[in-house]
Structures are given as C-alpha cells and as structure tokens.
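Per chain, numbering begins at 1; letters A, B, ... match sequence-line order.
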Amino acid sequence: MKNFVDELKWRGMIHDVTPSTSEFLQKNKTSGYIGFDPTADSLHIGNLVQIMTLVHFQKSGHKPVILIGGATGMIGDPSGKSKERKFLDEKIIIDNQNKIQVQFEKFLNFKGDNSASILNNKTWFENFNLLSFLRSVGKHISVNYMMAKDSVKNRLETGISFTEFSYQLIQGYDFYWLWKNKNVKIQFGGSDQWGNILTGNELIRRIDGGESFALTTPLITKSDGGKFGKTEDGNVWLDEKKTSPYKFYQFWINVSDEDAKKFIKIFTLKEKEEIETLTKSHEKEPHLRILQNALAEEITERVHDKQKLEIAKSTSQILFGKSKKDDFDNLKEDVMNSLSTAVPCVKIKKEEINSDFKNLLTEITNFEIFSSKSELIRLIKNNGLSINKEKILNDDYQLSKNLKFDKYLLLQKGKKNYTFIIVE
RNA sequence: GGGGGGAUACCAAAGCGGCCAACUGGGGCAGACUGUAAAUCUGUUGACUUAUGUCUUCGCAGGUUCGAAUCCUGCUCCCCCCA
C-alpha cells in the first residue's frame, strides 16, 4: 500500500498537514472527506486538485467521502470572499448535487472494499434545532477562537453576518459528525480551508477528546500569475455541455511549459519515474510539447472518454495542425460536429447560400464575420482567408458547391481565427 | 477672478489653406519564421463590388474661400500659470 502523504508530497499537493498524519494513515485504514459546494450544476477544474486528493487517498487503501454541502451551501463560506454570499434555492442545490455525483464516478470507485461514498450534510442538519446546536456544539468553541481565524478577521472591517460567522462551526460539526458516525479521521481541502478544518479538529478534541487530522492542498497558480482554471470563456467545467471536450482538451494543451511540469504531477496518475522521463524528453525537445499532450490526453480521457478525446484531438489537428484541404475533405461527421463546439458558429438559411460571396460574409451574416467588405477584400489580398482549409485567392468563390455534409463551411481568417458556417 | 495652452482615427502624437483619408510610434489584423510559445522581419489598418473614382471623418455649431484638420465667430470640455 502506498504512503498517501509521501505520494502527495512528491506531487507537490501538500500545503499544510497536521503532525503524525502520515504515521496514522500508514497504520490505520480510515476515511477522509472533502466538502463540495453544490453552488453549480457541474464541477470545474478548480475542484480537480481536491478530487485528485481523494483519488490518491482511495488508491492508498482508504475510503474517500464526498460531502455535499446541501446545508452549508445554503449559508456560504466567508473564506476568501469579500462579500456576503447569496442564498441558494433548495431545489437547485439538490439538482446540482445529482449532477455533481455523476462526475465523481469518473474518478472514484464507488464499489468494493474501500468504496467512495457521497453524503449530504443536510441529513444531519435538517432536524438539528438551534438550541441543541448551541448546547452541544457552540458551547465548545469560544468566540475568541473563531474571531482569530483569517476568514473572519478579514471581514471585520467590511462586516460579516452572524450566518457567515458561524460557518466554521457548521463545517466543524460536519467533521465531528463524520468522525463520530463514519470513521472519518481526516479532512482535506484547499489551503483556504485550513482554518475551518482545524475548527473541526478542535471540536472533535473538545467534545470527545478524539484524534483527527487535516491536510490542505496549495492554491494552484500559473507561472504567468493568472488564475488557474479560467479562460476567456470563464471556468473550465467538467460537464461537456458547459465546456466541450475539445475546449477542455485545449485548455490543457495550452498550459505553459513551466506549469505543465507542475500540473502533470497533480492532475495525472502517472508514476514518478514516468513523469521524470516525460519531463526530461520534454526539456530536450520542448517544441513537441510532450508534457502538455500527456496531460491533456489523460485528463480529457478520464473526464470524458476515449472517443471524445480522439474527436478533440482530430478537431485540434484541423484547427491548429498542418492539415490541408485533403485532410479536411476526409473528415468524419463527428469531428465536424465537434468543430461546431470549438469555434464560433454563424447560421445562415438554405436559400441564402447562393447569395453573392461577399454579401454573404458581410451583410447577410450581420457583419459578424467581417465588419465590412473592405475588411474581407483586404484579407483576401493579404492571403489570409481560407475556406475549408483552402486558400481563397479571389472573390468569386462558390460557397454552395463546397458545403460539407450539406451544411458546414469552415471559414478561416489567418491562422487561428475560425468561424463555422452552418446552413439550416 | 486674471493670463496662457489644448481638443486630430483604438491609444499616443505630427500636420497649421490645396500634394491630407491625414507623418510617426503603440495596439489590432494578415504574411514569413515557429511549438496552437516568445522574439524578429514584411504588409495592412474610414466606408463603398476593388476605383490613378466616390462618400464620410480632425471637439460642437456656423462663416470666409474655387478649395479648410489648417483662417474667422460663437459654444462645450480639458490642462497650466498668477491671484
């Protein structure tokens, strides 16, 4: 059995860990949990570090527990937030939870010896009335202790509601409940959760004199200082309806060399030796971007599947590879469909396809593709316009004769600027 | 309150009666190179079915002139100096 803490350590996934955690986990098969907010109907790659923590935990023989914050999600964690959070509608929370659950099944084994499980803290908070809470939980933690937490301290100037203030107690009680009822001995989380987790450890110690542990992962940063997991389009989601497999794949392919070295350890399950070999060959031939490819392939396949990965790869080949007209002509329909998720689409009506080439690309498409005919002409003169991977050299191109699958045209301005025209 | 300077395209900044759709730099777009990178070099950068052509544009509104970004009048806004 692998040493969980050592495993995370070489992968650079530990920010803080309570003393003797490693020893405890080596000697005991136990359970550990992470709380997830059901604030969205999908996980995003910002959650991935946490998920991978649980994956390693399970691989080390322990039982991962996913705690859906059905109750806490209704309150809002002040950590890292500068403003009071909006409450979420209860129905939405339940709906979100169901969708998130499916996503976890791609990472964790929910069957067998050390199966993963999903719990919702609503089950124990629902019928927990205020007075009992104050008597059995509130009694053990002083306000002074709570005020000392950064998450609270940072909000004293701007104001914090009692509801958010009490968040750490609620989360602390989660830990206590799981410790008491589910043999959960450790809680994981991002580094911003350290304070909240320790409140749980403290509660367990004060109420029952029990032993428990905490481990947090570092905030994932990018070498250029930008926020990890964000693109121009916003979050990168695991749900293919929110982020297409192609875009998901592209996110990882575009990671910088420096970040790739870091990310491959965190987001893939490759062994140390393999990663070292890959990193070495990457450094020898950086233009091949071996790490980015390995990273993108493994994660995309896990989150989506082999087939969708292949489509994402073919799509990328068309858009960014050295593909020529022939490659484009031989494309299968599923890659074509994927293209429509990859690039902006403009729809035109069937009868419009026979319109004049220049009118079609300007007026008829509401100047979405080209804002003027001059711009279009200029681009053609600069040798920058391609349709279906074929350079357009003059302006009497017959769009209608070049439709793919009777409805698609791939228009390309320069190298990377694509528009997909769909005839309907 | 008194005196002076300014407003030009995405930004900065020249132009001060015709050769101005407007120098130049940045940015944008495209081409070459490349790793879907960085740097570099080149072209392009108001609109019009592509024109040694037409139209619109140099704070706003008028005027002078064959002709105005450029001169005059008024207005709006900005900056500086003195009080």
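Pairing for B:G1 is with B:C82, a Watson-Crick or G-U wobble pair whose two hydrogen-bonding atom distances lie under 3.5 Å. Across the strands present, B:A13 finds no partner; the criterion is a Watson-Crick or G-U wobble pair with both atom distances under 3.5 angstrom. Base-pair partner of B:A61: B:U73 (Watson-Crick or G-U wobble, both distances under 3.5 Å).
We find that CZ of A:Phe248 is positioned 21 Å from P of B:U36, with the value rounded to whole Å. A straight line from CD1 of A:Ile392 to C1' of B:G31 spans 17 Å, rounded to a whole angstrom. Between A:Leu376 atom CG and B:C48 atom C1' there is a gap of 13 Å when expressed in whole angstrom units. Look at OH on A:Tyr418: it is 11 Å from P on B:A30, rounded to the nearest Å. Across the protein-nucleic acid pair, A:Leu361 atom CG and B:U49 atom C1' stand 13 Å apart, rounded to whole Å. Rounded to whole Å, atom C1' of B:A37 lies 14 Å from atom CG of A:Leu288. The interatomic distance linking A:Glu283 (CD) with B:G35 (P) rounds to 18 Å, in whole Å. Distance A:Lys247 NZ to B:U36 C1': 15 Å, rounded to the nearest Å.
A:Arg289 has a side-chain polar atom (N or O) that falls below the 4.0 Å cut-off from OP1 or OP2 of B:U36. Side-chain nitrogen and oxygen atoms of A:Lys373 include at least one within less than 4.0 Å of the OP1 or OP2 phosphate oxygen of B:U49. For B:C48, the OP1/OP2 oxygens have no side-chain nitrogen or oxygen of A:Lys358 closer than 4.0 Å. Proximity of A:Arg378 to the phosphate of B:A47: a side-chain N or O atom is located under 4.0 Å from OP1 or OP2. Between A:Ser374 and B:G46 there is no side-chain N or O to OP1 or OP2 distance below 4.0 Å. Checking the phosphate oxygens (OP1, OP2) of B:A37, a side-chain nitrogen or oxygen of A:Lys416 falls inside 4.0 Å.
Across B:U45 and B:A37, the matching C1' atoms stand 26 Å from one another, rounded to whole Å. Comparing the C1' positions of B:G62 and B:C29 gives an interatomic distance of 40 Å, to the nearest angstrom. With P as the reference atom, B:C11 and B:G27 are 16 Å apart, rounded to whole Å. Atom C1' of B:C41 sits at a distance of 31 Å from the matching atom of B:A51, rounded to the whole Å. Comparing B:A12 with B:U76, their P atoms are spaced 24 Å from each other, to the whole Å. Comparing the C1' positions of B:G15 and B:U70 gives an interatomic distance of 8 Å, to the nearest angstrom. A gap of 23 Å separates the P atoms of B:G28 and B:A22, to the nearest Å. Annotation: B:G74 and B:C10 have their C1' atoms spaced 31 Å apart (nearest Å).
No donor-acceptor distance shorter than 3.5 angstrom exists from the side chain of A:Asn109 to the backbone of A:Ser115, with no hydrogens or angles considered. Checking side-chain atoms of A:Ser166 against main-chain N and O of A:Leu169 turns up no donor-acceptor pair under 3.5 Å. Looking only at distances, a side-chain donor or acceptor of A:Thr243 sits under 3.5 Å from a matching main-chain atom of A:Trp237.
Backbone-only contact: A:Lys413 has heavy atoms under 4.0 Å from sugar-phosphate atoms and none from a base. Among the protein residues, A:Glu285 comes within range of no part of the nucleic acid, since none of its heavy atoms lies under 4.0 Å from any strand. Looking at heavy-atom distances under 4.0 Å, A:Ile253 makes contact with a base. In this structure, A:Asp257 reaches the bases: a heavy-atom distance under 4.0 Å links it to at least one base atom across the strands shown. Residue contacts shown for A:Asn383 are limited to sugar-phosphate atoms, with no base heavy atom under 4.0 Å away.
Comparing B:A30, B:U36, B:G31 by their closest approach to the side chain of A:Leu379 singles out B:A30. Considering only the side chain of A:Asn382, B:U44 comes nearest among B:G35, B:U44, B:C48. Which of B:G35, B:G31, B:A30 sits closest to the side chain of A:Pro286 comes down to B:G35.
Side-chain to base pairing of A:Lys415 with B:U34: one donor and one acceptor N or O lie within less than 3.5 Å of each other. Applying the 3.5 Å distance criterion, the base of B:U45 shares no donor-acceptor pair with the side chain of A:Glu375.
Aromatic rings of A:Tyr173 and A:Phe125 (six-membered ring for Trp) have centroids within the 6.0 Å cut-off, being under it.
Position along RNA chain B of the nearest nucleotide to A:Asn254 versus A:Asn359 favours A:Asn254 as the more 5'-ward residue. Residue whose closest nucleotide on RNA chain B sits further toward the 5' end, between A:Ser316 and A:Lys381: A:Ser316.
The closest side-chain heavy-atom distance from A:Asp41 to A:Ile92 is not below 4.5 Å.
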Pair A:Asn201-A:Ser212, side-chain hydrogen bond (donor to acceptor under 3.5 Å, both in side chains): steps then yes or no
CA-CA 6 Å; A:Asn201 291 135; A:Ser212 61; 2.6 Å; yes

Any chance you could lay out the ring pair (Phe, Tyr, Trp, His ring centres under 6.0 Å) test for A:Phe267 and A:Phe228, step after step, and finish with the verdict?
CA-CA 13 Å; A:Phe267 300 110; A:Phe228 169 75; 5.5 Å; yes

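Both tests do not hold together for A:Lys358 against A:Phe370: distance to the six-membered ring centre under 6.0 Å, angle to the ring axis within 45°.
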